[in-house]
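Here's the structure, in structure tokens; my notes come after.
All values derive from a computational prediction rather than experimental measurement. Counting begins at 1 with the first residue of the sequence.
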Amino acid sequence: MDSRRFGKYRVERDVLDEQRLEEVTQRKSYTDTHPSLTDRLKDSVRCSVPKLKRCVMSSLPVLYWLPKYSVWDYGMPDLVSGISVGIMHLPQGMAYALLASLPPVFGLYTSLYPPLIYLFFGTSRHISIGTFTVLSIMVGSVTERLAPDAAFIINNGTNITTEVDVTARDLYRVQVAAATTVLGGLIQVVLGMVKFGFVGTYLSEPLVHAYTTAASAHAVVAQLKYVFGVSPTRFNGPLSLVYTLGHVCSLLPQTHLPTLVVSAVSMAFLITAKELNSFLSPKLPVPIPVELITIVSATLISSYAHLNSNYTISVVGEIPSGLSSPRAPDINLFQEVIGDAFALAIVGYAISFSLGKTFALKHGYKVDSNQELVALGLSNTVGGFFQCFSVCPSMSRSLIQESTGGKTQMAGLASAVIVLVTILKLGPLFQELPKAVLASIVLVNLKGMFKQCMDIVKLWRSSKIDLVVWLVTLVSTLLFNLDLGLAGSIKFIVMLCSAREIPGITIFHSSATVYFANADLYLEALKEKSGLDISKMIIYKRRQEAKQRLKQLADAPVFSVEEEAGHWRNTCVVEEEEDQGITERMNGTVFVIPATPRTPDGQCRWEYLKGGDPDNASLGWMSEFQDGDTTTLGSSSDDTLSRDLERVSLGSLGKWTWDIHSIILDLSTANFIDTVAIKTMRNIFQDFSEIDVDIYMAGCQASVVEQLERGDFFSESITKQCLFASVHDAVLFCLNHRGATSFTRYETSLVSTKL
């Protein structure tokens, strides 16, 4: 047996705090490695040809790759890939328009304009911009909330009928969708310009998977009315999914049988054809366009049935030929859709960047996160002016574009040409296409989304925390709709903190970077995990200190200090000699307690005169008013507060000790820290020092330390000796200084706590 391989080693070194670490490693300061603000400002306004070229190239990536484009090497692969993706755009665009509660032709517009914009500004070579299931559902929730059927009931002059003015409703829904898309696009552009591309990192993979799974469930419920041919009421707000599903079930006896048959046959054909496609994919140069075959066949059969039978099935209806003219969005709608627009912006970018990064790693190129935000934002903003709804890459189309040999963004141009020809010449041919077929396409394409439920088994084995995130996101999105569900899920994940305890020491770890959006949540989670209610403890501590001072008042003169509603009167005569005493401020009143009481006769008394007139005032004892709680400081009537504090602290408050003497903040996951978080950290140090609990920080990256320096975090009371290279160093320091008796127990529990 090789002893060198299986032997045990003991490594000894000094405990390293940040100050000692800088001395050992001779780390350079931020000013040594970065130019000053003045130099950076001068450099930013200085213009040169190379700098201008870099700026233009980064803003318009097409200028970088288009001059190098080789028609001989890339032309044919991009053409074949673009045609394949364009064929997929047609059925998916019309089907996902139904998810957005819009006429199908607007799905074709959405498949045309945004890909052309992304061609100029995008940095990913393989993603296919256009309609996507989740975003279409989110847009549909907005359009149906602001333009419900009930608001467009036709009044015939005598009574209100159940007929809906579909034309007026659809026109308003298009306005709502366009306004939401433009606002979401502007949010993405602004975030990209301020280099906020890292925002996508806060949408973890479990959160995104659970959110898209829940959104797929919303999509299924939304398509059931087309599958069964019923007309359920669409509910909005929390639990709307449950109410809508319940109403659909109650209408099942009224199912339109021809529509159900069309849906069943379409789904059976699509599932069979897709499985066959997957089986034969290694032998096929391009996938079989089963969706296009389905809609063409269904349109022909529907046209024949419409002419030769009395059965009526809901169809797409009129599809105008020609392009729509640009139209400015209704800015009055912005305030009503700003929350939905922000959710669309974040979710769309997260999906876009994750797909783009996946293909970039596979093919060896780089995707700029900030430029992707700008490109996607411009695609949405410009598309919104042409009545498009929110877009992002589709995984199915992107996989087709990559697997069929697509090399560059020119494949998007080829697919846009296919959509353009359809809009200009072939659109009217699909007027007899049954909506049930489009619904079937949506449902079959959601199969991959529901496969994400298998994540539960994988997360159960690998990470219980990620499993909790997955389940919370799924349940909150199902119950509280897509917007509130996303907000609640993000709030939960930024609050997801854990605390480990060694006798006397709490190690606090957050799974998210601390920044302005979750700084307050971080502080609240720290108080909760540590079991210390700082505000109550500080109040109680000051009351105890006040009691100790008041015990000296029996033998000490008190100088009167005027108040608005009363004043203190001292009946003692103090010697002219200046006396050095203790000054205490409570509720606006200053008490001066001499160090040694000196009066002519050795006798004195103090009293508080209520009211403004000292001659007509009644005597009363001094009381402290704090948060509506009145306590006489000379008594022990704060038993209720003491019992409350015993529940939240771990020690004996009477002796001013509790089990926790040190808290270590594990910041190893933080890659940056902003000014709001720096202020929060400073407040944590100050608040816990009030109750004699030491705070230390561990695992800070060099960039975080530099940001703390620039934010004036360090002072005489908070030095770099409070920062340690690792949690292990911080624990050893705490045990050596305040918990030496627990050192042996720490060595024993080191393996179990996995420091």
Side-chain angles (χ1 to χ4, degrees), residues 13-25 27 497-514 519 522-532 534 537 649-651 657-673 677-709 711-743 745-747 749-750 753-755:
R13 63 170 174 81
D14 295 334
V15 173
L16 292 178
D17 56 34
E18 185 63 30
Q19 182 175 335
R20 178 60 179 159
L21 183 64
E22 291 181 355
E23 294 174 357
V24 172
T25 61
R27 182 186 296 170
C497 306
S498 61
R500 295 175 290 173
E501 286 193 23
I502 296 168
I505 303 172
T506 293
I507 303 170
F508 185 74
H509 173 82
S510 173
S511 60
T513 297
V514 187
Y522 183 89
L523 176 59
E524 294 301 321
L526 173 60
K527 293 179 180 178
E528 177 185 353
K529 296 292 183 179
S530 65
L532 302 175
I534 305 301
M537 287 182 170
S649 64
L650 303 176
T657 60
W658 36 81
D659 291 348
I660 297 176
H661 58 71
S662 303
I663 295 177
I664 300 172
L665 306 179
D666 182 5
L667 299 180
S668 57
T669 59
N671 52 14
F672 77 99
I673 187 169
I678 290 175
K679 183 178 179 180
T680 299
M681 290 295 176
R682 189 183 298 115
N683 291 337
I684 289 174
F685 273 81
Q686 295 172 352
D687 290 346
F688 279 90
S689 67
E690 288 279 346
I691 59 171
D692 302 322
V693 174
D694 295 334
I695 300 292
Y696 301 98
M697 302 165 69
C700 295
Q701 300 182 23
S703 59
V704 174
V705 177
E706 293 173 355
Q707 290 161 353
L708 290 173
E709 292 175 340
D712 297 328
F713 174 76
F714 299 106
S715 61
E716 294 182 358
S717 59
I718 306 176
T719 65
K720 288 187 177 180
Q721 293 179 346
C722 297
L723 273 69
F724 290 88
S726 67
V727 173
H728 182 62
D729 288 289
V731 171
L732 293 177
F733 177 84
C734 295
L735 293 175
N736 187 41
H737 284 72
R738 296 192 63 173
T741 58
S742 303
F743 186 76
R745 282 186 291 173
Y746 167 66
E747 287 187 329
S749 63
L750 184 59
T753 54
K754 296 181 181 180
L755 295 174

Is there a side-chain contact between [X] and [Y], using heavy atoms and a 4.5 Å cut-off?
| X | Y | answer |
| --- | --- | --- |
| Val693 | His661 | no |
| Asp694 | Ile663 | no |
| Lys720 | Met697 | no |
| Leu723 | Phe714 | yes |

Could you grab the distance from atom [atom1] of [X] to atom [atom2] of [Y], nearest 0.5 Å is fine?
| X | Y | atom1 | atom2 | result |
| --- | --- | --- | --- | --- |
| Ser662 | Phe733 | OG | CZ | 8.5 Å |
| Lys679 | Ile673 | NZ | CD1 | 14.0 Å |
| Ile505 | Cys734 | CD1 | SG | 4.5 Å |

TODO: Classify the angle between the aromatic ring planes of Tyr522 and Phe508 as parallel (below 30°), tilted (30 to 60°) or perpendicular (above 60°).
DONE: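 Aromatic pair Tyr522/Phe508 classed perpendicular.
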At their closest point, which heavy atom of [X] faces which heavy atom of [Y], and how far apart are they?
| X | Y | answer |
| --- | --- | --- |
| Ala670 | Gln701 | O-NE2, 3.3 Å |
| Cys700 | Val705 | CB-CG2, 3.9 Å |
| Ile664 | Val727 | CD1-O, 4.4 Å |

- [ ] Quick one: list whatever passes side chain to side chain donor-acceptor pair (under 3.5 Å) with Ser689, sequence neighbours left out.
- [x]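 Partners of Ser689 under the side chain to side chain donor-acceptor pair (under 3.5 Å) test: none.
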Task: Leu665/Ile695 under side chain to side chain contact (heavy atoms under 4.5 Å, CB included): CA gap, chis, key distance, verdict - done: CA-CA 7 Å; Leu665 306 179; Ile695 300 292; 4.0 Å; yes
Open item on the list: Holding to side-chain contact (heavy atoms from CB on, under 4.5 Å), I want the full list of residues that pass it with Ser715, two or more places apart in sequence or in another chain.
Closed with: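 With sequence neighbours excluded, Ser715 shows a side-chain contact (heavy atoms from CB on, under 4.5 Å) to Ser717, Ile718, given in chain and number order.
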TODO: With sequence neighbours excluded, tell me which residues meet side-chain contact (heavy atoms from CB on, under 4.5 Å) with Leu523.
DONE: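 Listed in chain order: Lys527, Thr680, Ile684.
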- [ ] Let me see the working for Met681 and Leu667 under side chain to side chain contact (heavy atoms under 4.5 Å, CB included), right down to the final yes or no.
- [x] CA-CA 11 Å; Met681 290 295 176; Leu667 299 180; 3.9 Å; yes
- [ ] Could you check Phe685 against Phe713 for side chain to side chain contact (heavy atoms under 4.5 Å, CB included), going step by step and ending with a plain yes or no?
- [x] CA-CA 11 Å; Phe685 273 81; Phe713 174 76; 3.7 Å; yes
TODO: Tell me, please, which residues at least two apart from Phe688 pass ring-ring contact (aromatic ring centres under 6.0 Å, His included).
DONE: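 Checked Phe688 against ring-ring contact (aromatic ring centres under 6.0 Å, His included); zero matches.
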